[in-house]
Each structure stands twice: as structure tokens, then as C-alpha cells.
Amino acid sequence: IVPVAGFSPQGAYGVQDSLRSGFTSVKNELLPSHPLELSEKNFQLNQDKMNFSTLRNIQGLHAPLKLQMEYRAARQVIQRLPFLQSSNLALDTLRNSDESIGFEDVLNDPAHSEVMGEPHMMVEYKLGLL
Amino acid sequence: MATLTAVRPAFGGFSFDNCKRNAVLEIEASKVGCSVPSARKTGTTICGVVFKDGVVLGADTRATEGMIVADKNCSKIHYISPNIYCCGAGTAADTEMTTQLISSNLELHSLSTGRLPRVATANRMLKQMLFRYQGYIGAALVLGGVDCNGPHLYSIYPHGSTDKLPYVTMGSGSLAAMAVFEDRYKPDMEEDAAKQLVRDAIAAGIFNDLGSGSNIDLCVITKNKVNYIRPHDEANKKGVRVTELEALQLTGDYKYKQGTTGVLTKAVTPIDLELLEESVQTMDTS
């Protein structure tokens, strides 16, 4: 069993955050449950990285820097509070994914999920107070 | 409390939460002797051919679930855009959803560019999506259409590789259909010859492969017209069952026709009967 990089627990200092994510099991942490799990988790990230590096090679360093600043503005400023679902319209327009439809729009839409996080806890977690 | 405050993923799409549980369930079920339900496949013969003015796509109409025929008349030629159609083999749900997704994407794209979509665009979108899922989406497709650059035909495999060819076949009956194509294909055929060739190829798949059967559907795409012929040929027509209500029909009538038995001689003897006595007896019908 070869452990897969990028699958280690996501809490601070690389240790599983039992308070928030529940109990751990060694097998759960070492191996993904499906070969596609890792590539799907990082798909958007990898696409962005690829696009930025292409943009850097074509137009120079300034282009990805300016775009990333706009991404940060769209993601951190324009979005709603963590427990509310935001439409991500600005982010979609920047990424050009407002004109395409994929499985993420059809399956498992977070706007239709049955559970909601506790608002106070989630805001405190996001602001780093907890 | 733990699950509520966890940072939930902000994106939708496939969720792999139940994969480990499913793997355990499968092992447990096989220990007991049952098996997990299998996905419905299309065990198919699909093919396409480029002729002088366009493309002819053909498909059979049987959907199988393991060894059982699940659907005797399913439609395997899916709409992608007004000038592009796609036949699908493999897992039925995968081909259906994939073609619908690509059809929506292509519609949005063509609205954005303001032009009729090209077959190469649909091909590129399909292969990028299928490669992203590394073959787990079991959709083997034959994509054909006519755009501003002429008629095009592509075959797309579940892992994401594509071929651009003048004639292609896919599915479990692809070898039988390809044999017919290799024998009789000629470049620049007329429409009727192309339709006959595709019909014969699908018929070869239907009669020689257990996974294909029932009728033959055709779709003829030319520059300005699409002719979706469903069914083009009912190669396997189900017989008519006779019930007592239809006993009047000649097919179910067990009486012989008048004149079945030849008459050799005929002698008629009238018998005169004398009326002796007549009496009326009333019946009590209260």
C-alpha cells in the first residue's frame, strides 16, 4: 500500500482536526477510496495552474498576476458568508466556466444540500478565531 | 457537531463518500452468494459511414442488463446539435448523460460564437471529458455530422482516444459490422447505397452478436437536412399472438375452409315428414 501524496489530513500542522472532521482511521488517510478521488478534488486547481502557466509563457508575468488578484477579489470579497451558498458569478465569468455545464452543476449541487453548517462556528472558523 | 462545522466542499460533482462502503458490501454480498445489481449496458452495434453529400449513422435497438434484454426498442442515436448526431455504446446512462451534457455545452458555445457548431468541437469536448474520468464513464461513441467544412465522422473510445475515419463501427457487434464495411465500402457513394450498406452492417451485427438485436435505426445527415429514420428496418418483428377474441380471424380459425376436402359424389334425398299433432305447452318463467 503506497500512500498517496496530497491526501494527508487538512488540519493545522497536518494532524486530523477531530473536533471538526470526526474520528480518523489509518486506512482512510493513506489511500483514496476511488482512483479518481484525488484528481477530481484538485481538478479545478490544476486547470487554473495550467492556464496561468500558459498565460505566463504567452503574455509575460504580469498577466497571471493581474488575473490572480481578480480571482482573489471574486473569491474572498464578493462571496457570501461561509454557511450561505454564493452564486460565484464573478468567479465563473473570470474562469470562462459561465458558458459551460458539467457534472458539478448537475450532481450534488451544494445549493440543494440537506445539511447546513452552524453559522457562528463556520464564520469563526473562517476568520481564524476558533 | 463535528460534521456541521467542517468546511464543506464548495463544489458539486461526483462524491466518493460511499466508495469504501460499496466495496465492502460487494465483498460481503459475494460471500453470501448474491451479487450487486449491474448497470444497464447497450451491448450494441453502432456504425457510421461518410458518403458523397454527408454522413449516415446506424444503430440497433437492444439494451441488455447482463444476460437479459432490458429494452427491445431503445433509441441509441442521440441529438447533439441540429447538424450533429451521436450513436452511443457502453453503459446506457453514461452515453445518455454524456451526450446531453455535450449537447448543452455545444449549444451555449454556438450561441456565444454565433455560428453553426462544428463536429471537431463536439469531438474535442467529448474526448476531454472522457479522459478526465479515465475511462470510468463507459461511453463508446460514434459522432457524425455536417458542418461548414463538409461531412465528418469520429469514433470516441471510453478512455478518451478518438479516430477520424470514413467508416467506423463500435460496440459488441462492431466486428461483424466492420466485416461488411471492409468488404463493400467505396468512397463517394450515393445516399441510397450508403443507407443500404449501413443497414447491412447493422443487420450483420444483429444476427451474429447476442448483445445486439431488434430493429435498425438510421440517421442521414446532409448539409441542410437531417433524416432520422426510426425504425428503418424491423429485422426482428415479433409474431402476432392469437387470442379467443380474435378467433374470427382466418389465422386463428381452426375450421377448415369450404372446399378443403374434395367432393367425389353427391346424392341428395329429400325426406317428407307428415305433420300429425301440434300441441303448445306454456313454460313457467316466473
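First the proteins, then the strands, lettered A, B, ... as listed; each starts at 1.
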Spacing of S100(A) atom OG and H109(B) atom NE2 [to the nearest 0.5 Å]: 10.0 Å
Quick one: which residues of residues 137-160 of chain B reach chain A at under 4.5 angstrom, heavy atoms only? I137(B)
Taking CG in L210(B) as the centre, count heavy atoms belonging to other residues, nucleotides or ligands within less than 6.0 Å. Is the count above 12? no
Should we count CD1 of I68(B) as having more than 12 external heavy atoms under 6.0 Å? no
What's the spacing between D105(A) CG and S104(B) OG if we round to 0.5 Å? 10.0 Å
Please report the interatomic distance CZ(F103(A)) to CE(M129(B)), rounded to the nearest 0.5 Å. 4.5 Å
Rounded to the nearest 0.5 angstrom, the OG-CD distance for S15(B) and E37(A) is 8.5 Å
How many angstroms lie between CG in L107(A) and CZ in F14(B), if you round to the nearest 0.5 Å? 5.5 Å
Side-chain polar contacts of residues 213-231 of chain B - donor-acceptor pairs under 3.5 angstrom, sequence neighbours left out - could you list them?
from    : atom 1 : to      : atom 2 : distance (Å)
S214(B) : OG     : K72(B)  : O      : 2.8
D217(B) : OD2    : R230(B) : NH1    : 2.9
T222(B) : OG1    : K225(B) : O      : 3.0
Y228(B) : OH     : S75(B)  : OG     : 3.1
Y228(B) : OH     : I77(B)  : O      : 2.9
R230(B) : NH1    : C74(B)  : O      : 3.3
R230(B) : NH2    : N73(B)  : O      : 3.2

Exam field: side chain N105(B) to backbone I101(A), donor-acceptor pair closer than 3.5 Å: yes
Heavy-atom pairs under 4.5 Å with chain A, option from L101(B), L108(B), L106(B) with the top count: L101(B)
Which bit of R21(B) comes within less than 4.5 Å of chain A, counting heavy atoms only: side chain, backbone, both or neither? neither
Hey, mind stepping through Y136(B) and H34(A) against ring pair (Phe, Tyr, Trp, His ring centres under 6.0 Å) and telling me if it holds? CA-CA 11 Å; Y136(B) 281 96; H34(A) 194 274; 4.7 Å; yes
